[in-house]
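In listed order, ligands and their atoms are each counted from 1. Just so it is clear, the structure is predicted and the values come from calculations on it, not from any experiment.
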Amino acid sequence: MASVIIAGVGSYTPERVLTNHDLSKMVDTTDEWIVSRSGIRERHIAAENEACSDLAVKAAQAALADAQVQASEIDLLIIATASPDMPLPSTACIVQHKLGIPAHATCFDIAAACSGFLYALEIAYGQLLTNRYKRALIIGAEKLSSVTDWTDRTTCVLFGDAAGAAVLKKVDQPGIGIIGSDLGADGEFVDHLYIPAGGSRCPATAKSVDEHGHFIHMKGREVFKSAVRVMETVAREMMEQYKVTPDQISLVIPHQANIRIIEALAGNLEMPMDKFFVNLDRYGNTSSATIPLALDEARRSGRIKPGDLTLMVAFGAGLTYGAALVRW
Ligand code: UT7
C-alpha cells in the first residue's frame with residue numbers, strides 16, 4: 001500500500017522585526033496588553049519591495065533542498081494565501097516562474113485563510129494518491145502587513161509576514177506520512193473575519209480606501225470562541241476516525257493565532273501544553289504560513305523524530321478549519 005509523505009519542509013521570515021514596544025509607539029497599546037491577551041511579543045514584517053511570492057520562493061527553496069527534490073521535478077504547485085501578489089494571475093504562477101517549475105505543472109492558489117496550508121495538504125494528498133502527479137509543492141505564504149490596518153489596535157498587534165512550504169511525494173510503504181486529513185467550513189461566520197473591499201462586491205474606489213475597506217476587519221471575541229470550538233471538534237473527529245488516543249500523539253502543531261486559544265484547546269482535549277508547539281510569541285499570526293513555519297521549526301529543533309505521530313489543526317476566516325495526522 002502506498003503512502004504520501006512530507007519529504008521536506010522549509011520556511012522564511014522577513015528580516016525586519018516589529019516588537020510590541022515598537023507598536024506601542026504606533027497605536028494606543030502596551031506590551032503587557034498584547035502579551036497577556038495574545039502571547040505575541042514580536043512579528044516579522046516584509047520589506048516594501050518584498051511581495052507574497054518572494055517569501056514563498058524562499059520557503060520553497062528551503063523545502064526543496066530539505067527534500068532533495070529539484071524544482072524541475074514538481075508537477076503540482078498549490079499556494080495558500082490571503083495576501084496574494086495581485087488578484088490576477090495566481091501567486092502560484094508567479095512562483096512557478098521564479099522557481100523554474102516546468103510548464104506542464106498544475107499551479108494554482110487556494111483561498112482558505114489560516115486553514116489554507118491544511119487545505120493545500122489535503123488536495124495534494126488526494127492528487128498524489130491518484131497517480132496524476134508525482135511531486136507536489138505546497139506553500140502557505142502571507143504578506144499580511146499589506147492588508148493590516150496599522151491604525152486599528154484591535155488587529156494590527158496580531159499579524160505578521162512569513163512563508164512555509166512542504167514537498168509531498170508518494171512512497172510504496174504503508175503506515176507513514178499523511179494518515180488522514182479532514183477539512184470543513186461554515187460560511188455562517190463570513191463577517192467575523194474579512195476584507196470588505198477590493199473584490200467584486202466592493203471594487204476599489206477612493207471611498208473604499210478612505211474607509212479602510214482593504215484591510216482585515218475582525219470580531220475578535222467571536223472568532224476566538226469559534227476557533228476553540230471547531231479546532232476541538234475537528235481534532236477529536238480526526239483522532240476517533242483513525243483510532244488514535246491523545247497520548248499517542250507526540251506533538252500538536254496548531255494554527256498560531258493566540259496562546260489563549262491554544263491553551264483552551266489543550267485544556268478541552270485534556271492534553272498537556274508541552275505537547276503543543278508554540279512559536280507565535282516570535283512571529284504573531286501569519287495565517288496560512290503558521291503551520292508550515294511551526295512544522296519547520298519543530299523538525300529543526302528535534303521536536304519531531306522518525307515514527308512520531310503529529311496532529312496539525314487550524315481554523316481561519318470563512319470560517320474554515322481542518323486537521324491532519326502525520327506519521328514521520
Ligand atoms: O487566524 C484567525 C485570526 N484571528 C484570531 O484568532 C483572533 C481571535 N481573537 C483573539 O485573539 C482575541 O479576541 C483578541 C486578542 C483579538 C482580543 O482579546 P480579547 O481578550 O478578546 O479582548 P477584547 O476584544 O474583548 O478587548 C478587551 C479590551 C477592549 O476595551 P474595553 O471595551 O474593555 O474598554 C478593547 O478596546 O481591550 C481593548 N483593546 C486593546 N487595548 C490595548 C483591544 N485591542 C487592544 C490593544 N491594546 N491592542
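- Ligand-side atoms of ligand 1 in range of Val157: 48 (N), range being under 4.0 angstrom from any heavy atom.
- For ligand 1, the atoms sitting less than 4.0 Å from at least one non-hydrogen atom of Ala257 are 6 (O), numbered in the order shown with element in parentheses.
- Within the set Phe315, Phe224, Trp33, Phe159, the minimum heavy-atom distance to atom 17 (C) of ligand 1 is found for Trp33.
- Regarding atom 15 (C) of ligand 1, its nearest protein heavy-atom neighbour is Asn258 ND2, 3.6 Å.
- No side-chain N or O of Gln256 forms a donor-acceptor pair with one of Thr290 less than 3.5 Å apart.
- At a 3.5 angstrom cut-off on N or O pairs, Ser38 does not count as close to ligand 1.
- No side-chain N or O of Asn258 forms a donor-acceptor pair with one of Ser38 less than 3.5 Å apart.
- In terms of protein heavy-atom proximity, atom 36 (O) of ligand 1 is nearest to Arg153 NH2, 3.2 Å.
- Considering backbone and side-chain N/O of Gly220, one or more are found under 3.5 Å from N/O of ligand 1.
- Looking at Thr30 next to ligand 1, no N or O pair under 3.5 Å apart turns up.
- Applying the 4.0 Å criterion to heavy atoms of Thr154 picks out, from ligand 1, the atoms 43 (C), 44 (N).
- Nearest residue to atom 47 (N) of ligand 1 from Ile259, Thr29, Leu23, Val27 is Thr29 (criterion: closest heavy atom).
- Side-chain contact annotation: Ser3 with Gln173, donor-acceptor N/O pair under 3.5 Å absent.
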* Give the C-alpha distance, both sets of side-chain angles, the deciding distance and a yes or no for side chain to side chain donor-acceptor pair (under 3.5 Å) between Ser208 and His214. => CA-CA 7 Å; Ser208 71; His214 299 269; 2.7 Å; yes
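- Distances from atom 8 (C) of ligand 1 to the protein include at least one heavy-atom value under 4.0 Å.
- At least one protein heavy atom sits closer than 4.0 Å to atom 22 (O) of ligand 1.
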